[in-house]
Amino acid sequence: MQKIRKISQIFFLLLIVVIPILNLMEIYFFNGSFISLTVGNLAISDPLAVFQAIFLSHKIVPLMLISILIPILIVIFFGRVWCSYACPYFLMTELIDKIKNKLNIKNIQNKNINTNRQNIIRYGVLLTGFIIIGILGVPLLYLISPPSVISTQMIMIIKHLRFTSEVIILLSILIVEIFFIYRFACRYLCPTGTLLSLFQFKRFGLKVKHIGSCSECNACIKECPLMLDPKIDGDSKQCNNCGICVDSCKDNLKQKTLFFKMK
Amino acid sequence: MSFIDKIKLFLNSFDENEFFKINRMRPPGAVEEKLFMELCVRCSKCIEICPYRVIKRSNLTKNFEVGTPYIYAEEKGCRLCMNCTTVCPTGALDKDVTYFRDTRIGVAKVDDTICLNHLLYNQEEAGIADGTMAVCNQCFNSCPLKFDAIYLEDMILPRITDKCTGCGICTESCPTTPKKAINILPNGMADRDEAGYIQSLKRKGLR
Ligand code: SF4
Ligand code: SF4
Ligand code: SF4
Ligand code: SF4
Ligand code: SF4
């Protein structure tokens, strides 16, 4: 399962490189970034971008609503798989973890962190963000959403051979990520992920489930990148259904202990 | 060209001083500036699809224009291929503008104190033409809508009509330096020098 996830992540990474190149060759079947992507005649947009535009302009273009339908349906049914199967930033943080492991640098992980606190901070950031852009009148939340910045900057590099100033923000997020707070962007900051979380419902969708008793090896807790306790936090809004915990569970070999279930 | 020269040329091709550039305007079909700033989600779709690499992404500027698309007419004017209006996901670029003659990015304006044709005309009128100046006509020759958008009065003075799309190709090809003799006054932006710099307070209607 982790193999499928890696392949999917790399596919999406290639997508943000290949699409600008295709456009350079004047093939416009694919077009756009992870803020908004066109495939043929179908537009798919980041709900964050669309909600910001609606919030600021009080105008609803039907195309906007149609374009966020697919992402929202995917979240309702399968959880935030965008984050675990597609987001290039998540892939990047996993790479950083791997390098850190190789170099024997310990991650500053505080496993006793309260999941609720994480969620409260995330929603706080999103709410503050919306208040700030409401005052400024400009949809600027993409600035702190790493996948948006990465994919738009990739277009700039390939099309114009230059960065724009958003990279500074991305680099600062990365520095905090590497040296100070483990998985900082995904756990606290990223408004894209937080907004998608709004459509994860407690009683519906694909969730990690635990049968209640196991050998308590706590491998799952150790592996979870978002510092959850998969045994109890399966339906937490923080969980992005990456399945790392499910794959790490040794008891699964004997009996289905920690698994995905459609609620 | 030596290798060093090539490197210099390459480095100079990075237009980092865009902050000071005038003759900046929004892509074709852009709604008026206030609404544009609310609607444009900085997705870079228009930048990506422009086959002539005309649209650039803005750096951090005075009033949070960071990430929005601009055309810098002095570097390159819009070729009016109408690709960009078809892709915008939020309607910041109006989808209904699909015919290039309907585009109104802005309107060109000739500065007759530095236009070479005007200067030559003045010399001839005053009878002091000494043969050092020649007819320029660059703007007229390059305009995709010549005779409609721009015509030569008395066969020499460039005049703009209301058919001008504001594409900026004339500005691009005007040879005067450092200031261009023909400029684009973008629609919905304060004026040539302030284009794109509409203050955030003004945008909110507070000033
Ligand atoms: S929370 Fe944001 S940065 Fe993290 S994986 Fe999801 S979209 Fe990517
Ligand atoms: S009309 Fe064509 S050339 Fe002009 S800005 Fe749009 S895509 Fe570029
Ligand atoms: S396509 Fe529209 S929303 Fe996207 S950058 Fe261009 S103007 Fe902005
Ligand atoms: S005069 Fe012609 S070239 Fe100049 S902006 Fe108008 S349409 Fe474009
Ligand atoms: S290109 Fe410039 S200098 Fe030449 S005629 Fe036109 S406005 Fe005058």
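We use all heavy atoms of the structure for the numbers below, so side chains are in, but hydrogens, waters and symmetry mates are not. We name chains A, B, ... by the order of the sequence lines, and we start the count at 1 in each one.
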[X], [atom1] atom: more than 12 neighbouring heavy atoms under 6.0 Å:
| X | atom1 | result |
| --- | --- | --- |
| A:L42 | CG | yes |
| B:K179 | NZ | no |
| A:F204 | CZ | yes |
| A:Y123 | OH | yes |
| B:K146 | NZ | yes |

Under 4.5 Å between any side-chain heavy atoms of [X] and [Y], yes or no?
| X | Y | value |
| --- | --- | --- |
| B:E38 | A:Q52 | no |
| B:V66 | A:L140 | yes |
| A:P139 | B:F64 | no |

Rounded to the nearest 0.5 Å, how far apart are [atom1] of [X] and [atom2] of [Y]?
| X | Y | atom1 | atom2 | result |
| --- | --- | --- | --- | --- |
| A:T38 | B:I49 | OG1 | CD1 | 7.5 Å |
| A:R162 | B:K56 | CZ | NZ | 7.5 Å |
| A:Y28 | B:N83 | OH | CG | 5.0 Å |
| A:L24 | B:R53 | CG | CZ | 5.0 Å |

Quiz item: Among A:S151, A:S57, A:A49, which residue forms the greatest number of heavy-atom pairs with chain B at distances under 4.5 Å?
Solution: A:S57
Is [X] reaching over with its side chain to a backbone N or O of [Y], donor-acceptor style, under 3.5 angstrom?
| X | Y | result |
| --- | --- | --- |
| A:H160 | B:I47 | no |
| A:K159 | B:C50 | yes |
| A:S33 | B:C43 | yes |
| B:E48 | A:N31 | no |

Quiz item: Do B:S44 and A:I35 pass the side chain to side chain contact (heavy atoms under 4.5 Å, CB included) test, and can you show the C-alpha distance, the side-chain angles, and the key distance before you say yes or no?
Solution: CA-CA 8 Å; B:S44 270; A:I35 297 182; over 6 Å; no
Self-check item: Step-by-step side chain to side chain donor-acceptor pair (under 3.5 Å) determination, B:N59 to A:T164
Solution: CA-CA 5 Å; B:N59 261 315; A:T164 50; 4.6 Å; no
Practice problem: Please look at A:I19 and chain B and tell me whether the side chain, the backbone, both or neither of the residue comes under 4.5 angstrom of a heavy atom of that chain. | Solution: both
Quiz item: If you look at every heavy atom in A:M64 and B:L39, which pair is closest and at what distance?
Solution: CE-CD2, 4.0 Å
Practice problem: Step by step, work out the side chain to side chain contact (heavy atoms under 4.5 Å, CB included) result for A:Y142 and B:V41. | Solution: CA-CA 8 Å; A:Y142 83 101; B:V41 292; over 6 Å; no
Practice problem: Sort B:C40 into side chain, backbone, both or neither according to what part of it lies under 4.5 angstrom from a heavy atom of chain A. | Solution: backbone
Quiz item: Under 3.5 Å, is there a donor-acceptor pair between the B:K45 and A:S36 side chains?
Solution: yes
Quiz item: Step by step, would you call A:K59 with B:V31 a side chain to side chain contact (heavy atoms under 4.5 Å, CB included)?
Solution: CA-CA 13 Å; A:K59 260 181 76 160; B:V31 293; 5.6 Å; no
Quiz item: Does the pair B:R42/A:E166 count as a salt bridge with the N-to-O cut at 4.0 Å?
Solution: no
